[in-house]
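Take a look at the structure set out below.
Note that these values count all heavy atoms, side chains included, but never hydrogens, waters or copies made by symmetry.
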Amino acid sequence: MTTAHHTAPQYPFTAVVGMDDLRLALLLNAVSPAVGGVLVRGEKGTAKSTAVRALSALMPQVDVVSGCRFACAPAAPDPGCPDGPHEAGAAEARPTRMVELPVGASEDRLVGALDIERALSEGVKAFEPGLLADAHRGILYVDEVNLLHDHLVDLLLDAAAMGASYVEREGVSVRHAARFLLVGTMNPEEGELRPQLLDRFGLTVEVAASREPEQRVEVVRRRLAYDADPAGFAARWAAEEDALRHRITAARELLPGVTLGDAALRQIAATCAAFEVDGMRADIVMARTATALAAWAGRTDVLEEDVRQAALLALPHRRRRNPFDAPGLDEDKLDRTLEEFGGADEDTDGESTDGEDDPDPDGPDGGPGGGGPDGGGAPAQDGPDGAPQESPAAQSPELPHQQERESAEGPERPQEQPAAPEQSQEGAPAAGGEKAAVGAGEPFRTRRLDVPGLGEGADGRRSRARTAHGRTTGARRPHGALGKLHLAATVQAAAPHQRARGRHGRGLVVRRDDLREAVREGREGNLVLFVVDASGSMAARKRMSAVKGAVLSLLLDAYQRRDKIGMITFRSGGAELALPPTSSVEAGAARLEQLPTGGRTPLSEGLLRAHEVLRVERMRDASRRPLLVVVTDGRATGGPEPVVRANRAARLLAGEGTASVVVDCETGPVRLGLAGELARELQGTAVTLDELRADSVSALVRTVQGNRKAA
């Protein structure tokens with residue numbers, strides 16, 4: 001178990017400057033864990049992890065039953081606790097735990113392990129708790145949560161929804177309570193988060209490094225001081241830490257007395273409806289957040305400013321309509337909605353809301369953005385090379401989000417890229433013979449393109465593979481720790497030896513050598529490498545728009561199937577690796593949107609560059625099988641003997657067993673069929689843009705598998 005207890009003192013939360021929204025969101029969860037946790041999005045080196053880890057030292061202690069491995073509350077122990085039943089009066093106080101879930105953790109490490117051998121032979125439930133049990137009534141922290149494997153995400157979703165963890169192994173089950181504050185950090189450049197898990201985070205914040213030299217200087221100064229003397233540095237902030245801890249306790253005590261009036265409820269409901277969020281969880285989270293904001297400010301009434309701040313924290317990640325939409329809210333629309341549905345409740349008429357009774361967030365006792373006990377100095381970093389979060393100009397409970405929006409809506413977001421100039425002449429060349437980039441056509445749902453055979457890669461949703469989850473196809477002796485037990489095969493292996501083992505009674509004598517684990521078949525994620533023709537033959541505006549729309553659709557399909565993606569473009573004098581293999585389809589969409597066209601068609605260069613990229617990726621991750629998607633009309637005009645060179649490059653890829661699909665972009669009444677010839681050299685499949693659509697009238701009957709069999 002990894003907890004918040006370390007040899008060196010934790011970097012003080014109050015020593016973090018800037019990052020106002022992040023600190024406020026964390027503090028609101030400390031006041032009211034029912035808010036539902038925080039997702040922190042931002043570039044690397046912005047002290048996301050440092051700020052999150054520092055929160056655990058501020059959390060109040062919890063009372064637990066002495067000796068209970070599942071942190072049962074003495075006043076109301078879990079009746080189904082595996083360590084129960086508990087005797088009355090056996091209680092102790094301990095610090096709130098922060099448990100870190102590694103991205104590469106196993107399923108047994110997360111939910112716990114059941115000793116199947118003892119369960120079968122002795123009939124006892126010998127259970128070793130996992131991280132979910134350790135995190136009960138505490139904080140579960142997942143760094144790089146967007147890289148978490150799908151099966152672990154499923155287990156987290158189940159536990160978060162039910163407040164309990166279930167371990168089921170062939171009819172033997174263990175259940176224990178698992179209610180925790182979920183905090184995750186992620187770098188959007190490395191891929192997005194599944195919508196189901198995204199919705200489980202109560203709040204989300206965007207962080208970015210400061211560009212102010214003075215603030216960066218202060219960050220370095222404080223970080224060096226902490227590294228040189230952690231205990232001394234922590235001691236200098238002890239008074240501020242204590243003051244903030246007491247304020248959290250006071251806000252927790254005030255929280256039950258906060259009134260959420262009908263006017264505030266109407267504003268919450270109207271805001272969620274205006275931004276078209278799915279379901280009702282957003283309304284509930286906003287209500288809890290607004291209540292916690294009022295308690296944090298020392299008030300017993302929820303004001304419009306609380307509702308506004310709650311919307312800025314609770315809605316951005318819920319209003320996304322597809323993976324390429326940037327998170328964020330239109331604040332002008334938010335203000336109009338609040339004004340339209342505003343209005344004081346009858347029981348609050350005449351009360352002062354000018355903030356006279358509200359602690360001054362910028363004063364000596366101010367909120368998380370001030371210089372007081374919960375404000376502090378410069379942010380800590382994840383490492384000596386870290387950079388601080390830029391501090392907004394105004395530091396108050398209504399923390400501005402302009403900087404976060406600018407970060408989230410930067411050039412990596414495809415929908416924010418400047419549209420292709422419609423006023424330009426069709427085919428008018430830019431400098432160097434290039435034509436300006438055109439926008440992508442409307443994306444559509446594509447048919448699934450599989451890699452043939454049976455792989456053993458990371459869990460995903462594309463190609464068949466042996467995985468830890470899926471349908472059972474056989475049994476085998478376990479390699480190392482027992483995974484999923486195959487009960488029938490285990491009994492069959494043990495049955496012939498019962499007399500020799502001196503079996504008496506009804507029990508089955510099972511030895512370690514008898515155990516068999518299930519062999520399961522599911523789906524894996526692949527490396528989908530796009531090779532996109534951006535030459536002059538593809539440059540007609542309408543045609544290139546359709547091609548980009550098709551590639552964008554395939555990118556969206558890759559996101560949904562948990563693939564890694566890469567992109568190579570070729571035109572004029574050569575090929576370029578526009579996007580190294582990554583899990584971020586947003587980055588791929590951005591590169592695609594900016595892609596110019598023009599020049600000759602060096603098809604062989606594009607294929608050879610693909611061969612080199614796949615060779616390197618095969619050394620990095622041999623279990624992830626590639627799928628090559630070549631988007632072209634099949635013409636080859638660059639360099640000497642372009643067709644011969646292109647065919648040689650294609651045969652080189654085919655000789656290494658690379659599965660491939662050629663998306664034929666040739667249009668018009670007269671077609672040369674060059675893309676089909678390229679597909680035959682690649683021993684792959686050729687599909688037209690129409691056949692790529694899942695709802696196309698012409699069915700896609702030629703699959704990668706079928707084509708390779710025919711070859």
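You'll find the side chain of Pro102 reaches within 4.5 Å of the side chain of Leu131, heavy atoms only. Side-chain contact between Glu617 and Pro626 is absent, with no heavy atoms from C-beta onward closer than 4.5 Å. A 4.5 Å side-chain heavy-atom check between Thr658 and Leu529 finds every atom pair outside the cut-off.
For the side-chain contact (heavy atoms from CB on, under 4.5 Å) criterion with Leu449, the lone passing option out of Thr685, Asn526, Val528, Leu627 is Leu627. Shown are Leu148, Val145, Val153; of these, the side-chain contact (heavy atoms from CB on, under 4.5 Å) with Leu193 is made only by Val145. Residue Asp533 forms a side-chain contact (heavy atoms from CB on, under 4.5 Å) with just one option from Thr601, Val631, Val630, and that option is Thr601. Under the salt bridge (charged side-chain N to carboxylate O under 4.0 Å, His left out) test applied with Asp450, the options Arg625, Arg523, Arg561 reduce to a single match, Arg523.
Residues Gly588 and Leu555 approach most closely at C-CD1, 3.8 Å, considering heavy atoms. Looking at every heavy atom in both residues, Gly606 comes nearest to Ile568 through O-CG2, 4.1 Å. Shown here for Gly676 and Ala686, the closest heavy-atom pair between the two residues is CA-CB, 4.1 Å. Taking both residues in full, the closest heavy atoms of Ala209 and Thr46 are given as N-CG2, 3.6 Å, listed atom of the first, atom of the second, then distance.
Counting only N and O atoms by type, the side chains of Thr185 and Asp143 include a donor and acceptor under 3.5 Å apart.
Using a distance-only test at 3.5 Å, with no hydrogens or angles considered, a donor-acceptor pair links the side chain of His136 to the main chain of Arg179. Remark: side-chain polar atoms of Glu521 are not paired, donor with acceptor, to backbone N or O of Arg464 under 3.5 angstrom. Between the side chain of His176 and the main chain of Pro129, no donor-acceptor pair closer than 3.5 Å is present.
Atom CD of Glu656 has more than 12 neighbouring heavy atoms from other residues, nucleotides or ligands inside a 6.0 Å radius.
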Stepwise salt bridge (charged side-chain N to carboxylate O under 4.0 Å, His left out) test for Arg318 and Asp278: CA-CA 7 Å; Arg318 292 187 167 89; Asp278 297 328; over 6 Å; no

